Amino acid sequence: MTHLARAILFLKLRFPRLRHKAERDVNAREVSHIYAVVASYNIPKQHFAAVYRALFANAIEAKIPMTVVASVTSHSDQNLLLAVYEEFGCPQAIEIVVQFQKGDGKRSALAMALRAIARRCPDNKTLTIMLDGDIVLEPRALSRCLPFFRADPELAALTTNNDAVVPAGGLAADWYALRHAQRHLLMSSLSLSGRLLVLTGRFSIYRTADTICPEFIRILECDRIQHWRLGSIKFLSGDDKSSWFYLLRQHRKMLYVPDVKAYGIEALPPGTSFASGTSKLMFRWFGNMIRTNG
């Protein structure tokens, strides 16, 4: 009930005012460039192409130069990416940088991509997108997020609403719809405080100055916990929790944007029934929430 009340306050009062102010701020500071880090691993070709088509369309509509650092695993991924780029007429405002993953996990791939951005010495008017390789942005998603950074110099990062595309349909599709409705309510409640409990790796936007900081890259690549019996345990996934925690412990401002959606192509874990598959996902998601809450 507490989260419901806070979510209503955010969705009905706070966020509409933030949206109105951001889109009408005549003194807003312009964004000079956008970097997009996209990590793909074993993504079906049709999904891979859909992700980049949506990203390129958003970049062209936003009318801001973009450098896409594509972290891929094969030459077929590279060729498909270039084919999609050619579909759009090889726009000069979009630069493609292809990196091949080392095969030791997503964290390493993201760290490589951020170091490539750091070598370009971006100015402090640039932003960096973190985008999973199976996430399709809705039209105008990017241009509807940028005004918040322009209007609020203290905003360090934002993330958006999520929805699921479940090709299998059935009960799993209903379950994902309910799960994302729960997420929407919780994220809205948390955003009322100017903080969040996660900056999802599906689609989040950061100020580039933070993402190229050596400490940010180090914690993203080598985050670990100390266990009383097992010693040091390095995290293989959960990169979005590490990047979020870097900003949180510096008391940086975050925002949830509820009226922009990123669509994930979802399925229950392979080889599981509905009951076991949904249980595994809930243990994973709420396990993350428990750890980050502490």
Side-chain angles (χ1 to χ4, degrees), residues 31 33-74 76-99 106 109-110 113 117 126-149 157-168 173 176-177 180 183-184 187 199-206 208 211 239-240 255-267:
V31 175
H33 197 93
I34 297 173
Y35 295 92
V37 177
V38 187
S40 305
Y41 181 76
N42 286 343
I43 305 296
K45 289 184 177 181
Q46 67 273 22
H47 298 165
F48 184 97
V51 169
Y52 281 100
R53 287 192 185 104
L55 178 61
F56 293 161
N58 267 272
I60 293 169
E61 192 273 332
K63 298 179 181 178
I64 297 176
M66 176 182 285
T67 298
V68 179
V69 184
S71 181
V72 300
T73 57
S74 67
S76 62
D77 284 350
Q78 180 186 26
N79 294 336
L80 183 54
L81 170 58
L82 296 178
V84 174
Y85 184 59
E86 290 172 358
E87 285 181 22
F88 284 81
C90 300
Q92 292 185 348
I94 301 177
E95 178 189 11
I96 305 294
V97 177
V98 176
Q99 288 188 327
K106 182 184 176 184
L110 294 178
I117 294 172
T126 64
L127 300 175
T128 296
I129 297 170
M130 297 287 200
L131 186 71
D132 276 353
D134 59 352
I135 297 299
V136 178
L137 301 181
E138 70 175 2
R140 301 192 66 242
L142 188 54
S143 61
R144 286 177 58 78
C145 290
L146 296 181
F148 296 104
F149 286 101
L158 65 75
T159 193
T160 68
N161 200 350
N162 285 174
D163 209 344
V165 177
V166 185
Y176 270 105
H180 282 91
R183 177 188 184 275
H184 176 61
M187 295 290 278
L199 288 165
T200 177
R202 291 170 177 235
F203 174 51
S204 293
I205 308 177
Y206 302 78
T208 303
T211 62
D239 53 276
D240 48 350
L255 178 67
Y256 172 61
V257 180
D259 60 355
V260 174
K261 281 190 176 182
Y263 291 87
I265 302 163
E266 305 284 4

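Quick caveat, the model's predicted, so the values are computed rather than measured. Heads up: numbering here begins at 1 and tracks the sequence.
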Could you tell me the separation between the CD1 atom of Ile43 and the CG atom of Asp134, rounded to the nearest 0.5 Å? 4.5 Å
I'd like to check Leu146 versus Leu127 (side-chain heavy atoms, cut-off strictly below 4.5 Å). Are they in contact? yes
When rounded to the nearest 0.5 angstrom, what distance separates OG in Ser74 from OH in Tyr41? 11.0 Å
Gap separating the CG atom of Asn161 from the CZ atom of Arg183, nearest 0.5 angstrom: 6.5 Å
Thr128 and Thr208: side chain donor to acceptor below 3.5 Å: yes
Stepwise side chain to side chain contact (heavy atoms under 4.5 Å, CB included) check, Ile96 with Phe56: CA-CA 11 Å; Ile96 305 294; Phe56 293 161; 3.6 Å; yes
When rounded to the nearest 0.5 angstrom, what distance separates CG in Leu255 from OG1 in Thr159? 9.5 Å
With Tyr256 via ring pair (Phe, Tyr, Trp, His ring centres under 6.0 Å) - residues at least two apart: His184
Measuring from Ser71:OG to Leu131:CG, what's the distance to the nearest 0.5 Å? 12.0 Å
Give a yes or no on whether the backbone of Ala113 and the side-chain of Gln99 come within a donor-acceptor separation of less than 3.5 Å. yes
Taking Arg202 first and then Asp240, would you say they form a salt bridge - that is, a charged N and a carboxylate O separated by under 4.0 Å? no
Check: Asn79 and Leu81 side chains under 4.5 Å, non-hydrogen atoms: no
Side chains of Arg144 and Thr160, heavy atoms from C-beta outward: is any pair under 4.5 Å? no
For a quick test of your reading: what N or O donor-acceptor pairs under 3.5 Å do the side chains of residues 33-40 make, sequence neighbours left out?
from	atom 1	to	atom 2	distance (Å)
His33	NE2	Thr67	N	3.4
His33	NE2	Thr67	OG1	2.8

Note, Val51 side chain near Asp132 side chain (heavy atom, < 4.5 Å): no
Sequence-distant partners of Ala177, side chain to side chain contact (heavy atoms under 4.5 Å, CB included), two or more places apart: none
Using a distance-only test with no angle check, is there a side-chain donor-acceptor pair under 3.5 angstrom linking Glu61 and Ser143? yes
Between Asn58 and Ala141, is there a donor-acceptor pair closer than 3.5 Å when you use the side chain of the first and the backbone of the second? yes
Closest heavy-atom pair, Ile205 versus Phe149, reported as atoms and distance to 0.1 Å, is O-CZ, 3.4 Å
Smallest heavy-atom separation, Val136 atom then Ala54 atom, equals CG1-CB, 3.7 Å
Mind checking whether Met66 and Ile129 have side chains closer than 4.5 Å, heavy atoms only? yes
Heavy-atom side-chain proximity of Ile117 to Thr211 below 4.5 angstrom: no
Quick one: salt bridge (charged side-chain N to carboxylate O under 4.0 Å, His left out) partners of Lys261, sequence neighbours excluded? Asp163
When rounded to the nearest 0.5 angstrom, what distance separates CE in Met130 from CZ in Phe203? 12.5 Å
Residues in ring pair (Phe, Tyr, Trp, His ring centres under 6.0 Å) with Phe148, at least two apart? Phe15
Do Tyr206 and Leu199 make a side-chain contact, defined as non-hydrogen atoms from C-beta onward lying under 4.5 Å apart? yes
Do Tyr85 and Val68 have side chains that approach each other closer than 4.5 Å (heavy atoms only, starting at C-beta)? no
Decide side chain to side chain contact (heavy atoms under 4.5 Å, CB included) for Glu266 and Val165; before the verdict, give the C-alpha distance in whole Å, the side-chain angles of both, and the deciding distance to 0.1 Å. CA-CA 6 Å; Glu266 305 284 4; Val165 177; over 6 Å; no
Pairs meeting criterion side chain to side chain donor-acceptor pair (under 3.5 Å) with involvement of residues 42-56, two or more places apart: Arg53-Glu87
